[in-house]
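Here is the structure we will look at, set down as structure tokens.
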Amino acid sequence: MSDSGKGQALAIKLVARHIEEIRRHGEATYPHECCGLLLGRVVSGEKQVSETYAAQNSREEGAQHNRFLIPPEAVREAEQHARLKKIEILGFYHSHPNAPARPSQFDLDHAWPFYSYVIVSVRDRKSEELTCWRMRDDRSCFDSEEMTRTEE
Amino acid sequence: MGLRVLLPTALRHLVGNEEEVQLSGGTVAEVMGDLVAKFPELRKHLYNAEGKLRNFVNVYVNDEDVRYLQDEKTPVKENDVVSIVPSIAGGSIAAIEQTFAGVELSNEEVARYSRHLIMPEVGMEGQKKLKAAKVLLIGTGGLGAPLGLYLSAAGIGRIGLVDFDVVDFSNLQRQVIHSTQDVGRPKLLSAKDKILGINPHIQVDTYETMLRSDNAMEIIREYDVVIDGTDNFQTRYLVNDACVLLGKPNVYGSIFRFEGQASVFYAKEGPCYRCLYPEPPPPGLVPSCAEGGVLGILPGTIGLVQATEAVKLILGRGRTLIGRLLLYDALEMKFRELKLRKNSSCPLCGENPSIKALIDYDQFCGITPPAPVAATHKEEAVDMTPEELKARIDGGTAPLIVDVREPHEFDICRIPNSILIPLGQIPARMNELDKNAEIVVHCKMGGRSAKAADLMRKSGFTNVLNLTGGILRWADKVDPRMPKY
């Protein structure tokens, strides 16, 4: 399974409830982008998400239709929250209002390795395709990350 | 001395799955230097190509962000805890934002666009977006022709055309929006007729002008997508700069002989043309299609790549050529692509831009305006007109006529009694000629022969004259039966 160019091959497991939360968040902030964190544990090569953590989009109002920013203070706050629960940051989610659920060059330029990037496309306040991506360790591109859904 | 550096989960697999590492150094810069020296895999994630910390990498000393201390010069001591904290940024693929609320399709339009409407990627919503969209075509020549035909057929609601030329016989080999009966007509009128013939439901705006620094912003501002179909560097930089300044996507295409290129330059999402080519090539180095020729079908292929990208930008569907340069070789029938990166020090779209308004593009590209050239060289009498040459031939005092075009051009038409030495062979073969003889050099339009004359004068030729306007002017003024190409 392991491919050195791609780093560790991990899959991500999300509970149906978390996917719903991400979709609702994207619909609520439409036509602006929503963003948040995915917290959980890595268990035998699988990222198991145990909660979503909604964040404020800190970009200026005029840019929020196609940009999001989670500043370091907010990431630290989420880290502290995670540490108390003995879990860690596994990735992030954000929405693409009126655009496909595919990572942009801008996403790639700002991406971190290892983390899962869940993207949900939202059109006319309705969430559509939801995808998950991970950047290769050489920063060359994103690969689609295997995503499994469980009921609980 | 040792201190602890805490790493985010993102980086732990690159340091042997440790949450923290022990490092040393007296300042943040030294500690970070020690970190990437011990774990070189981290460098590309923490530093950009210029060796600066990436803007989404944040360093804390204990509980303080070093941006509020002394940045990388912040001193650290034993037992301090240095943390690398991500900030997370991202955003969506370029979708042209526009309101299509209130846009409706008539029954006739529904019938017309039915093959679009039944595709889920377009549908009613997409077709309304196309109808609401405003696309500007700069040039109605080789690239502009297929662009105009297909974008109007696809239902782009408003198409702007910029051109100032008239249709010539030599255009018809590739500029399929113009017909034989249009020769001599302004290209704008001919193109507008064809477009409205295909689709009377759309609006066509014409700008009979050369795009210049003093009108580009005003014209481009009106449109959602700009498509550059021109063939010179001045206009290419002008269109790029105006699009970056106005935040518009610029769909780029270029063609030469059997090869073409296409990309989408959209500084909001990726690189601009200046990130790819910071400086224009020296004038004359890259031949234009008028000088070097172009396969007539090639602009069809490249123009339709541009049309496809424009439609995708408007629909917000698929993966566009933003950040990619598509290269097409018709002889090999191969498409390749190069990855393009945004240049963070780009003077136009980088982090500290120095270009904030349009500039003089003739000067930037090293093109001297024609008027001053004529003035400065007047006294030296370096030119001869076709009429003057004809008079000299008729009077029995013909100078030596040297044609510096290529042999295949010489086969199309030639001035009687001229000898052929292509420009590329002039340096090696000019010693075949008498340095003190009166010599008239010519090419197709006067550009290459000006270079040849210059080379010869620098080598000691005393009486070299350039035929103004080349053999095309000769055909116009002296020999109307001569074929023009």
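Computed from a predicted model, the values in this text were never measured in an experiment. First the proteins, then the strands, lettered A, B, ... as listed; each starts at 1. Quick note: numbers below take in every heavy atom, side chains included, and nothing from hydrogens, waters or symmetry partners.
Looking at B:Glu121 and A:Pro100, their side chains never come closer than 4.5 Å, going by heavy atoms from C-beta outward. You'll find the side chain of B:Glu19 stays beyond 4.5 Å of the side chain of A:Glu88, heavy atoms only. B:Val85 has its side chain out of reach of A:Glu73: every pair of non-hydrogen atoms, C-beta onward, lies at least 4.5 Å apart.
Using a 4.5 Å cut-off between heavy atoms, A:Ala111 contacts chain B through its backbone alone, with no side-chain atom that close. Using a 4.5 Å cut-off between heavy atoms, B:Arg317 contacts chain A through both its backbone and its side chain. Only the side chain of B:Arg67 comes within less than 4.5 Å of a heavy atom in chain A; its backbone stays farther off. Using a 4.5 Å cut-off between heavy atoms, B:Leu42 makes no contact with chain A at all. A:Ser140 touches chain B through its backbone: at least one of N, CA, C or O sits under 4.5 Å from a heavy atom, while the side chain does not. Contact annotation for A:Pro113: both backbone and side-chain heavy atoms come within less than 4.5 Å of a heavy atom of chain B. Looking at B:Asn55, only its side chain comes within 4.5 Å of chain A, counting heavy atoms on both sides.
Taking chain A as the reference chain and counting heavy-atom pairs below 4.5 Å, the highest number among B:Pro8, B:Ser83, B:Ala89 is found for B:Ala89. When A:Val42, A:Leu37, A:Val75, A:Ile119 are compared by the number of non-hydrogen pairs under 4.5 Å with chain B, A:Val75 comes out ahead. Across B:Asn48, B:Asp63, B:Leu14, the residue that shares the most heavy-atom pairs under 4.5 angstrom with chain A is B:Asp63.
Note that OH of A:Tyr115 and OG1 of B:Thr9 are 3.5 Å apart. Values are rounded to the nearest 0.5 Å. To the nearest 0.5 angstrom, A:Trp112 atom CH2 is 7.0 Å from B:Ile88 atom CD1. The CG atom of A:Leu69 sits 6.0 Å away from atom OG of B:Ser87, with the distance rounded to the nearest 0.5 Å. With values rounded to the nearest 0.5 angstrom, B:His45 atom NE2 is found 5.0 Å from A:Met135 atom CE. Remark: A:Asp138 CG to B:Glu41 CD distance equals 9.0 Å, nearest 0.5 Å. Here A:His110 contributes atom NE2 and B:Arg54 contributes atom CZ; the two are 9.0 Å apart, rounded to the nearest 0.5 Å.
Within residues 342-352 of chain B, no residue has any heavy atom less than 4.5 Å from a heavy atom of chain A.
A salt bridge does not link B:Lys44 to A:Asp137: none of the charged side-chain nitrogens sits closer than 4.0 Å to a carboxylate oxygen. For B:Arg341 and A:Asp109, the salt-bridge test passes: some basic side-chain N is under 4.0 Å from an acidic carboxylate O.
Around atom CD of A:Glu46, more than 12 heavy atoms belonging to other residues, nucleotides or ligands sit under 6.0 Å away. Surrounding NZ of B:Lys339 are more than 12 heavy atoms belonging to other residues, nucleotides or ligands, all under 6.0 Å away. The number of heavy-atom neighbours closer than 6.0 Å to NZ of B:Lys38, taken from other residues, nucleotides and ligands shown, is above 12.
In terms of the ring-ring contact (aromatic ring centres under 6.0 Å, His included) criterion, residue partners of A:Tyr117 (sequence neighbours excluded) are, by chain and number, A:Phe142.
A cation-pi geometry, defined here as NZ or CZ lying under 6.0 Å from the six-membered ring centre and within 45° of its normal, holds between A:Arg76 and B:Tyr60.
The shortest heavy-atom contact between B:Gly90 and A:Asp107 is CA-OD1, 2.9 Å.
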